[in-house]
> 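Below is the structure I would like to discuss, written out as C-alpha cells.
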Amino acid sequence: MTRGCGAASLRPPGRFPHFIRVDARLSRMAEELGSTEREIIAQRARKAEALQALGVNPFGNGQAPRHVTAELHARYGEAPADEIARDPGDWSVAGRVLAVRSFGKAAFLRVRDGSGEIQVWVKKDKVGERGFEIFKLLDVGDVVLAEGPATRTKTGELTVEARAFTILTKALRPLPEKWHGLADVEQRYRQRYVDLIVTPGVRETFRRRAKIVSGIRRFLDERGYLEVETPTLHKPEEAGGAAARPFQTHHNALDLDLKLRIATELHLKRLVVGGFDRVYEIGRIFRNEGIDRRHNPEFTSIEFYQAYATQQDLMALTEQLLHRLAVEVTGSARVTFQGQEIDFTPPYPRHSMLELGARALGLSPDDALAGRGLAEAVARAAARENESEGAWKLEQAAQRSPGEAIAIAFEVFAEGELPKDRPAFVVDFPLETSPLSRRRDADPRLVDRFELFAAGMELANAFSELNDPADQRARFEAQVKARAQGDEEAMPYDEDFVRALEHGMPPTAGEGIGIDRLAMLLTDSPSIRDVILFPLLKSRE
RNA sequence: GGGCGCAUAGCUCAACUGGCAGAGCAAUGGACUCUUAAUCCAUAGGUUGAAGGUUCGAUUCCUUCUGCGCUCACCA
C-alpha cells in the first residue's frame, strides 16, 4: 500500500505562508502553570522557533509518508540482517516519537503510526548537517518523518536507517513518564488523547469496539436488514420505548420542548408497518440516570426488527451473532472477562423468570401469577432477608402487581444464580413488566420475551412485538396511570404509534443489544468508561 | 442521593507518632555513532486539590467544599 499526496520527499528550506508566533500564544497559558511545566513548554516553544529558523514549519502540512510501519514488518518479518541488506528498499514513515536513546552523533527513536511501531536510526553522517540540526530540536512526543533503507541492528531490531529526517509537528507538552504511564484514571478519561498514546491496550480496546459495530452491521446486512436512522430529538409523547427518565431540551425556533430519545423502538416498528420488513439502527441513546461501572448517560444500542419472526427466531439469531462477534473480535468463542471464562458457543441455556421468581417466593407459578399468597410470601421473604433493601423493593413491587413482584423476586434472589461460564437467556416474563411485548397465546399472563445475561449484566432484551392496537392502547393507558401514581419511568401514550399499528404491523420480533456492555465483555474492560472514548465527567472547578 | 476511599513537582511515587517536602522519569548544561527504562557528570523545578480550624509548628489532626474511584440505590 502506498499512501501520500505527492509530497514524497522532504521539503527543502523555504518561506511559510504565515509565520507562527509560538511564544506569544503561550505566555498567557504559562502564567497558570507550575514552574516545571511552564519551563518545559517554554523550552519546547523555543525549539519550535529554532525549527522555523531552520526552515522547518513546526506545525506544517503537506508532507506525507509513503509507507506505514506495518508494511516494513510485513516485508521483512524475521529476515536476518544480511538478507535485508540485499534489498533494503527506500522507506518513508511518519509517526509520533515515543522514546529517544541518543549518543551524541547518533540516536535511536521509537516511532509509532496508526499501524504499529518501528525503530528509526538517526546518524549525523547519514542525515546530514541540517537533518541533524533538526534532530537536535526533537523531543519525545513530536511527530516526525524519516526516509531511508531498512536494516537490522546488532541487537536484532528492524530499523529504518534515516537518510532524511524532519520534524512535522512539535509537541509542546511532555508525555507522561515512559515506564509507569498515566495511572490517574480521571486524567485518562479527561485527556483520552494522552491515554491513547501512552496506555497499553487502550487503542486495541477501541479498535475492538469498532470491530463489534462493523461486525454487527455485516451480520445484519448479510441477512437483508436495512440500516436506518430515526430521530434523536423526541417530542414528549414520542419519548417511550423503555423504562427510563429522559433528558430535556428545547428547540428555540419552534419553541418546542423536546426530549432526547431513550430508545429507538417505536420509530423502528413504524418502519416495519411501512414495509421495511427487516430494519436496524445503531445509535446513541440517552437516559437521565445514575452513573456507575455499567452505566453512562449516553450509550450505544443496536435495535433490530424482523417481520414474520418470533422471539424463538431471535434467540437463535442472537446465539449466532454473539458467537461470531466473539470469534471475530477476540479470536475465540471462549472469552475471559475479569478472570471468568465465558463460552459463547451456542446453545445458551434458558431460565424461566416465572419459575425462578415464584420459587424464590415459595409459591407455585400459578399462585404467584394470580397473587395467591403473595402478601404472605413477600412477608416471609422480608423476614428472611432481614434489613435487606431487596426485600423492600419486593414489597413495593408486590403492591403494584404480582407480575412485577415475580420479576423483582427473580432479580433479587435468582439472578445471581445464572451460569457464569456462558451467556444465559431468561424467558417467561410476566405481562406487567413489558408494555410493548406480545402476549403469549398459550398463556396471556406472560409475554414472548427474553433477556440475555452474561457476566451478571443484561446484554440484550427482545420480544415478539405487540401488534394488536387495542391491546397496545390498554398498555399505554396502564403506563399513563402508573405515571400519574408517581412512576417517572413510565412511558407516555404515543397515539401516533397506535395509529401506525392500526394500519397493521406484520407479526414481528425485535431486539435491542447494549453495544457498550458487549464491548466491555469482548475487551475485558471492568468499567463502561473504558469502552467509551469520552465518558461523561463533571467539569473541573 | 447514601456509605467508604483517594488527591504531594509535567508524570510515577516517598516523607515514621505533628518537627527543614524528597527520589526516579521528563527538562536544562556537558560527554558519547548499535541503543531497548541506554549510560555517566552537573543544574533547575513545590500555594502538598481549595477554604477554614487546632497547634509554638500541619503534607500529617479536625471541619467544609471540589474532583475522581469503589459500593448501595436507580437503570441497560
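Both backbone and side-chain heavy atoms feed into the values below; hydrogens, waters and symmetry mates do not. Bear in mind the structure is a predicted one, so any value in this text is a computation, not a measurement.
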> Calculate the interatomic distance between A:Glu289 atom CD and B:rG1 atom P; express it in whole Å.
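Roughly 14 Å, once rounded to whole Å.
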
> Taking the P atom in each of B:rU55 and B:rC62, what is the distance between them to the nearest angstrom?
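Going atom to atom, P in each nucleotide, I get 16 Å.
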
> Can you identify which nucleotide, out of B:rA44, B:rG69, B:rU12, has its nearest atom closest to the A:His180 side chain?
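The closest nucleotide is B:rU12.
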
> Does a nitrogen or oxygen in the side chain of A:Arg293 sit under 4.0 Å from OP1 or OP2 of B:rG69?
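For B:rG69, OP1/OP2 do not have a side-chain N/O of A:Arg293 under 4.0 Å.
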
> Should A:Thr318 and A:Leu459 count as side-chain neighbours, where that means a heavy-atom distance under 4.5 Å?
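No, side chains not in contact.
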
> Among B:rC74, B:rC25, B:rU35, which nucleotide sits nearest the side chain of A:Lys154?
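Nearest to the side-chain atoms of A:Lys154, counting from C-beta on, is B:rU35.
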
> Now, which nucleotide makes the Watson-Crick or G-U wobble pair with B:rG57, with each of the two distances under 3.5 Å?
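Across all strands, not a single nucleotide pairs with B:rG57.
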
> Does A:Leu537 reach a base, just sugar-phosphate, or nothing at all? Heavy atoms under 4.0 Å.
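Counting heavy atoms under 4.0 Å across all strands, the contact made by A:Leu537 is with sugar-phosphate only.
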
> If you measure from the C1' atom in B:rC32 to the same atom in B:rC41, how many Å do you get, rounded?
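Nearest-Å result for B:rC32 against B:rC41 at atom C1': 12 Å.
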
> How far does the C1' atom of B:rC16 sit from the matching atom of B:rA21, given to the nearest Å?
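These two C1' atoms come out 15 Å apart once rounded.
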
> Please confirm whether the shortest side-chain N or O distance from A:Arg190 to OP1 or OP2 of B:rC68 is below 4.0 Å.
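The answer is yes; a side-chain N or O of A:Arg190 sits under 4.0 Å from OP1 or OP2.
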
> Taking atom P in both B:rG57 and B:rG10, what distance in whole Å separates the two?
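Taking atom P in both B:rG57 and B:rG10, they lie 29 Å apart.
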
> Using a heavy-atom cut-off of 4.0 Å across all strands, would you classify A:Gly290 as base, sugar-phosphate, or nothing?
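The answer is base, as A:Gly290 lies within the cut-off (heavy atoms under 4.0 Å) of a base atom.
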
> Less than 4.0 angstrom between a side-chain N/O of A:Lys178 and OP1 or OP2 of B:rA38, yes or no?
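Checking B:rA38 against A:Lys178, a side-chain N or O does come within under 4.0 Å of OP1 or OP2.
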
> At under 4.0 Å between heavy atoms, what does A:Gly181 touch on the DNA or RNA strands: base, sugar-phosphate, or nothing?
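Counting heavy atoms under 4.0 Å across all strands, the contact made by A:Gly181 is with sugar-phosphate only.
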
> To check you understand the geometry: which heavy-atom pair defines the closest contact between A:Ala242 and A:Arg287, and what is its length?
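Heavy atoms of A:Ala242 and A:Arg287 come nearest at CB-NH2, 3.3 Å.
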
> Does a nitrogen or oxygen in the side chain of A:Gln187 sit under 4.0 Å from OP1 or OP2 of B:rC11?
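For B:rC11, OP1/OP2 do have a side-chain N/O of A:Gln187 under 4.0 Å.
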
> Could you work out which one of B:rA26, B:rC11, B:rA44 sits closest to the side chain of A:Glu39?
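Nearest to the side-chain atoms of A:Glu39, counting from C-beta on, is B:rA44.
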
> With a centroid cutoff of 5.5 Å and a plane-angle limit of 30°, would you call A:Trp179 stacked on B:rG24?
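Per 5.5 Å and 30° rule: no stacking.
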
> Please test A:Glu265 against A:Tyr305 for side-chain contact (heavy atoms from CB on, under 4.5 Å), starting from the C-alpha separation and ending with a verdict.
CA-CA 9 Å; A:Glu265 173 152 0; A:Tyr305 292 82; 3.1 Å; yes

> Students often get this wrong, so: under 4.0 angstrom with heavy atoms, is A:Arg152 touching a base, only sugar-phosphate, or nothing?
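No contact.
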
> What contact category does A:Phe299 fall into here, base, sugar-phosphate, or nothing, at under 4.0 angstrom with non-hydrogen atoms?
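Base, at least one base atom sits under 4.0 Å.
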
> Counting Watson-Crick and G-U wobble pairs only, both distances under 3.5 Å, name the nucleotide matched with B:rC25, or none.
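By the stated definition (distances under 3.5 Å), B:rG10 pairs with B:rC25.
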
> Please step through salt bridge (Lys or Arg N to Asp or Glu O under 4.0 Å) for the pair A:Asp516 and A:Arg209, ending with a clear verdict.
CA-CA 8 Å; A:Asp516 311 82; A:Arg209 183 180 169 126; 2.9 Å; yes

> So, does A:Arg101 get its side chain near the phosphate of B:rU35, meaning an N or O under 4.0 Å from OP1 or OP2?
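Indeed not, no polar side-chain atom of A:Arg101 lies that close.
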
> Rounded to whole Å, how long is the line connecting atom CG of A:Asp184 with atom C1' of B:rG69?
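So the two atoms are 10 Å apart, to the nearest Å.
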
> Tell me which nucleotide among B:rG67, B:rG69, B:rC74 gets nearest to the side chain of A:Val185.
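Nearest nucleotide to the side chain: B:rG69.
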
> Looking at CG of A:Leu145 and CZ of A:Phe165, how far apart are the two atoms once the value is rounded to the nearest 0.5 Å?
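Reported to 0.5 Å precision, the distance equals 9.0 Å.
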
> Find which nucleotide of RNA chain B each of A:Val100 and A:Lys123 is nearest to by heavy atoms, and output the residue with the more 5' nucleotide.
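Looking at RNA chain B, the more 5' nearest nucleotide goes with A:Lys123.
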
> What is the base-pairing partner of B:rC70, counting Watson-Crick and G-U wobble geometry with both distances under 3.5 Å?
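B:rG3 - that is the nucleotide pairing with B:rC70, both distances being under 3.5 Å.
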
> Closest approach to the side chain of A:Ala183, judged atom by atom: which nucleotide of B:rC74, B:rU35, B:rU12 is it?
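Nearest listed nucleotide: B:rU12.
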
> Without decimals, in angstroms, what is the distance between A:Phe429 CZ and B:rA76 P?
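Atom-to-atom, A:Phe429 to B:rA76, this comes out as 11 Å.
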
> Can you tell me how far C1' in B:rU28 sits from the matching atom in B:rG69, rounded to whole Å?
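37 Å, rounded to whole Å.
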
> Rounded to whole Å, please give me the gap between CD in A:Glu458 and C1' in B:rC74.
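Roughly 14 Å, once rounded to whole Å.
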
> Could you walk me through whether A:Arg529 and A:Ile291 pass the side-chain contact (heavy atoms from CB on, under 4.5 Å) check?
CA-CA 10 Å; A:Arg529 294 181 207 90; A:Ile291 297 176; 3.6 Å; yes

> Distance check: side-chain N/O of A:Arg294 vs OP1/OP2 of B:rU71, anything under 4.0 Å?
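For B:rU71, OP1/OP2 do not have a side-chain N/O of A:Arg294 under 4.0 Å.
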
> So which nucleotide from B:rG10, B:rC70, B:rU35 ends up closest to the side chain of A:Ser527?
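My answer, after comparing the listed nucleotides, is B:rC70.
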
> May I have the distance from A:Asp292 (atom CG) to B:rC4 (atom P), rounded to whole angstrom?
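The answer, rounded to whole Å, is 19 Å.
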
> Atom CZ of A:Arg529 and atom C1' of B:rC68: how far apart are they, to the nearest Å?
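Interatomic distance, CZ of A:Arg529 to C1' of B:rC68: 9 Å.
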
> What heavy-atom pair brings A:Val202 and A:Arg192 nearest, and what distance separates the two atoms?
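Closest pair (atom of A:Val202, atom of A:Arg192, distance): CG1-NH1, 4.3 Å.
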
> Please classify the nucleic acid contact of A:Lys538 as base, sugar-phosphate, or nothing, using heavy-atom distances under 4.0 Å.
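Contact class for A:Lys538: sugar-phosphate only.
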
> Which residue lies toward the 5' end of RNA chain B, A:Gly104 or A:Ala243, if each is placed at its nearest nucleotide?
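In this pair, the answer is A:Gly104.
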
> What integer number of Å spans the C1' atoms of B:rU48 and B:rA14?
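Nearest-Å result for B:rU48 against B:rA14 at atom C1': 13 Å.
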
> Test A:Phe463 against A:Asp448 for side-chain contact (heavy atoms from CB on, under 4.5 Å), laying out the working first.
CA-CA 6 Å; A:Phe463 37 86; A:Asp448 286 328; 5.6 Å; no

> Find the distance A:Trp121:CH2 to B:rC34:C1' and express it as a whole number of Å.
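Whole-Å distance recorded here is 5 Å.
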
> Would you say whether A:Phe103 stacks on B:rC32? The test is a distance between ring centres of less than 5.5 Å and an angle between planes of less than 30°.
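No, aromatic ring not over the base.
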
> Is A:Glu161 reaching over with its side chain to a backbone N or O of A:Thr151, donor-acceptor style, under 3.5 angstrom?
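Between the backbone of A:Thr151 and the side chain of A:Glu161 there is no qualifying donor-acceptor contact (under 3.5 Å).
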
> With salt bridge (Lys or Arg N to Asp or Glu O under 4.0 Å) as the criterion, how do A:Glu465 and A:Lys269 come out once you've worked through the C-alpha distance, each side chain's angles and the decisive distance to 0.1 Å?
CA-CA 9 Å; A:Glu465 303 295 339; A:Lys269 284 195 277 200; 2.5 Å; yes

> Could you work out the separation of B:rU66 and B:rC20 based on their C1' atoms and round it to a whole Å?
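Each nucleotide's C1' atom is 31 Å from the other's.
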
> Looking at every strand, decide which applies to A:Gln119 at a 4.0 Å heavy-atom threshold: base, sugar-phosphate, or nothing.
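Base, at least one base heavy atom under 4.0 Å.
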
> Hey, does the side chain of A:Lys126 come within less than 4.0 Å of B:rC34's phosphate (OP1/OP2), counting only N and O?
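False: A:Lys126 side-chain N/O out of range (4.0 Å or more) of B:rC34 OP1/OP2.
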
> What does B:rU17 pair with, Watson-Crick or G-U, if both distances are under 3.5 Å?
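Paired with B:rU17, as far as the under-3.5 Å criterion goes, is no nucleotide at all.
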
> Taking the C1' atom in each of B:rU60 and B:rC6, what is the distance between them to the nearest angstrom?
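Rounded to whole Å, the distance is 15 Å.
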
> Hey, does the side chain of A:Gln43 come within less than 4.0 Å of B:rU28's phosphate (OP1/OP2), counting only N and O?
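For A:Gln43, the contact criterion (side-chain N or O under 4.0 Å from OP1 or OP2 of B:rU28) is met.
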
> Rounded off to whole Å, could you give me the NZ-to-P distance for the A:Lys124 and B:rC32 pair?
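The distance from NZ of A:Lys124 to P of B:rC32 comes to 10 Å, rounded to the nearest Å.
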
> Look at all strands and tell whether A:Asp125 reaches a base, only sugar-phosphate, or nothing, counting heavy atoms closer than 4.0 Å.
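Result for A:Asp125 = base.
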
> Nearest to the side chain of A:Asp139 - B:rU28, B:rU36, B:rA76?
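Of the candidates, B:rU28 comes closest.
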
